[in-house]
Structures are given as C-alpha cells and as structure tokens.
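One structure is given below, encoded as structure tokens.
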Amino acid sequence: MRPPRFWSAGPGHPAARLLTPIGRVYGALTAARMDRPGERLPCPVLCIGNVTLGGAGKTPTALAIAALLAEMRHRPAFLSRGYGGQFAGPVVVDPDRHAAREVGDEPLLLARVAPTVVARDRPAGARACLAAGADIIVMDDGLQNPSLAKDLALAVVDAGAGVGNGLPFPAGPLRAPLERQWRHVGGLVLVGDGAAGDPLAREAERRGLPVYRAALVAAAGGFAGRRVYAFAGIGRPEKFFESLRATGAEIAGSRAFPDHHPFGAGDLAALADAADRLGADLVTTEKDAVRLPPEFRAWVRTLPVTLRFADPEPMRRQLAALVSAR
C-alpha cells in the first residue's frame, strides 16, 4: 500500500480523527497479540522488525546483521513470511529457481547471503532453519507475530519518517500503540537522516535501550552524469530517488508504485515508453528488479544499497551477549 499523506500530518487531521476509534481497536488487538507467549527454540532468535507499516529498512538491516554474525563465525539463517508470495512453506528459497510471485521479493535478496526459509507458520519455518544448519535465526519482520519466542527484537525506524502522526492503523502508520510495543523491543536502529527519529531515540535511551545509527549507502555504479528514469515500489520510493540522485545521476523522470507492487505488462510498457521519450535509462531497486519478468529485467539497471552502521562495535557486543546468554 502507499501511505496516505495524512499519516505524516498531526493527529488532529480530520481523516486521522475520523479513523482514530478504529485505530484504537486495531492497535489494542495487535498489542494483546504481541503479549502472547511463543514457542522457544534451542538457538537464539533475533527479530528485525518495525513498529509501523511500510518500509523502514528491515531487509538491509537484516543483511548487515547477518554479515556481522558471519564475521563472528556464526551460521545465521533468515526466516521470512514471504510477503507477496504464494508459498505457505516452510520452503528453503533458491534464488535460481524461485520467483518473487512464489516466495516474495525480500527472501530472494536474503537468500543470496544466507539460507532463507519462507513460512507463514513461523515455528515450523524456524525448525527448517535449524535443519538447514543455522545456529542463530534472523527474522526479517515479525515483531508483532507472537508464535515464536524472540531472544532479541530490534525495531528499525526510518529517521526521516519516524512514526508519522503516532496513531495506530488506519488512523496512522503504527501497528500498535508505541507504548505497548516498547516492552518487546531490545534496541532501536535509526536508518538515514532526519529529525523525525530523534524523539524515538530519546525514548529508547530513557528506557535503557541501545540506539544504533545507520545509513543506506549506494554502490558505485557509473550513474554520475547519466540520464535516468527511476521507478520503485518500496515503502518510501523517494528514499531510492534521493540515493540515486546522490550518485550524480540526472533523474529525468520518476514513478512511484505501492510497496511490493506486482509489475504487469501495462506498467512495463508505460515505463519503457516514458524512458524512451526522455532519452533515459530505466533504473530501479534490487527489490523491485526481482519482481520484473526476466526479459524486462535484462535491460533495467539497478542501484544496490548496503546498510552501514555508524559504529558497528556496539551492535557486535549486543549480538555477542545474545549468543552467550543462550
């Protein structure tokens, strides 16, 4: 879905006020669900989640943390619901065999780095991760899912967006009241720049939780001075456009799609026509690229991004403490 504009306005916006009663019910139900006990596994379970709907940088964060765990000589495996995919699972993702319509787009990116299991039944998926040789499970999303006990949950927040108007869905972007979600969080990852994340950082520090600052860094890809037509179907497409602009690319045009948008023939024809009229190259994200048909993907360029912690040492220490505790 594409976040409505009033989510970034104050809680007094007419649409937010109208939807607040529904949001109270939705948020209370989600919060009560989060409080349920889950199945505990014989290995640590680390959840990379977020407190709001929409993209905040969970998958790049999960990839960065898995890289740190691998440096620490651990064997992480990713567990994902496989949003947008057809398979209920558990299924071990094979990027060379599976398509985004089967397993979802994010698992295809995760599977390039470590064993990845898609499962709507999280405990069953976790057991499949263990069977694949994992000694620690990294959940991509699932903070609000109580079926699996989590040894540590890190909340990922876009520093430029924060939590919007601070109201639960549909009145705002929160999945549950923030006060009820804090009790399930063991650390905060703020991605990017922006003042919207500062109140969350202060609250996390007041609660004695570590705050990790991080940034999405675009790979050098020869975009400087190149005329491009950019398109993206992620939580905040404008973040991708900003990253592309930072490489020195000239964005002749752009188009934003809803998160996880399934690109159809009409979309592809319109994109190709727009790029051709502007004399520009088509460019998208890696996450969007895996949802494109192979014949179209072959002539669309991608801009890979990597999440980097401002200081990775505190994260290493928390990960080491997580493992030693189990």
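- If you look at F263 and F257, their ring centroids are closer than 6.0 Å.
- The pair R127-E39 counts as a salt bridge, with a side-chain nitrogen and a carboxylate oxygen less than 4.0 angstrom apart.
- Across all non-hydrogen atoms, the minimal contact from A275 to Y229 is CB-CB, 4.0 Å.
- Nearest heavy-atom pair, G197 versus L190, reported as atom, atom and distance to 0.1 Å: O-CD1, 3.7 Å.
- Ion pairing between a basic and an acidic side chain is recognised when a charged N comes within 4.0 Å of a carboxylate O; R227 and D281 show no such pairing.
- Looking at D198 and R213, a side-chain N of the basic residue comes within less than 4.0 Å of a carboxylate O on the acidic one, giving a salt bridge.
- E106 and K58 are not joined by a salt bridge, as no carboxylate oxygen comes within less than 4.0 angstrom of a charged side-chain nitrogen.
- The same ILVMFWY cluster, assembled from side-chain heavy atoms under 4.5 Å apart, contains both L69 and F309.
- Considering only heavy atoms from C-beta on, P60 comes within 4.5 Å of L216 through its side chain.
- Each of T52, V185, L167, L200 was scored for a side chain to side chain contact (heavy atoms under 4.5 Å, CB included) with L178, with one residue passing: L200.
- When all heavy atoms of L143 and H184 are compared, the pair lying nearest together is CD1-O, 4.0 Å.
- Side chains of L109 and F78 form no contact here, defined as non-hydrogen atoms less than 4.5 Å apart.
- The shortest non-hydrogen separation linking R81 to V118 is O-CG1, 3.6 Å.
- Taking a cutoff of 4.0 Å between a charged side-chain nitrogen and a carboxylate oxygen, E179 and R207 qualify as a salt bridge.
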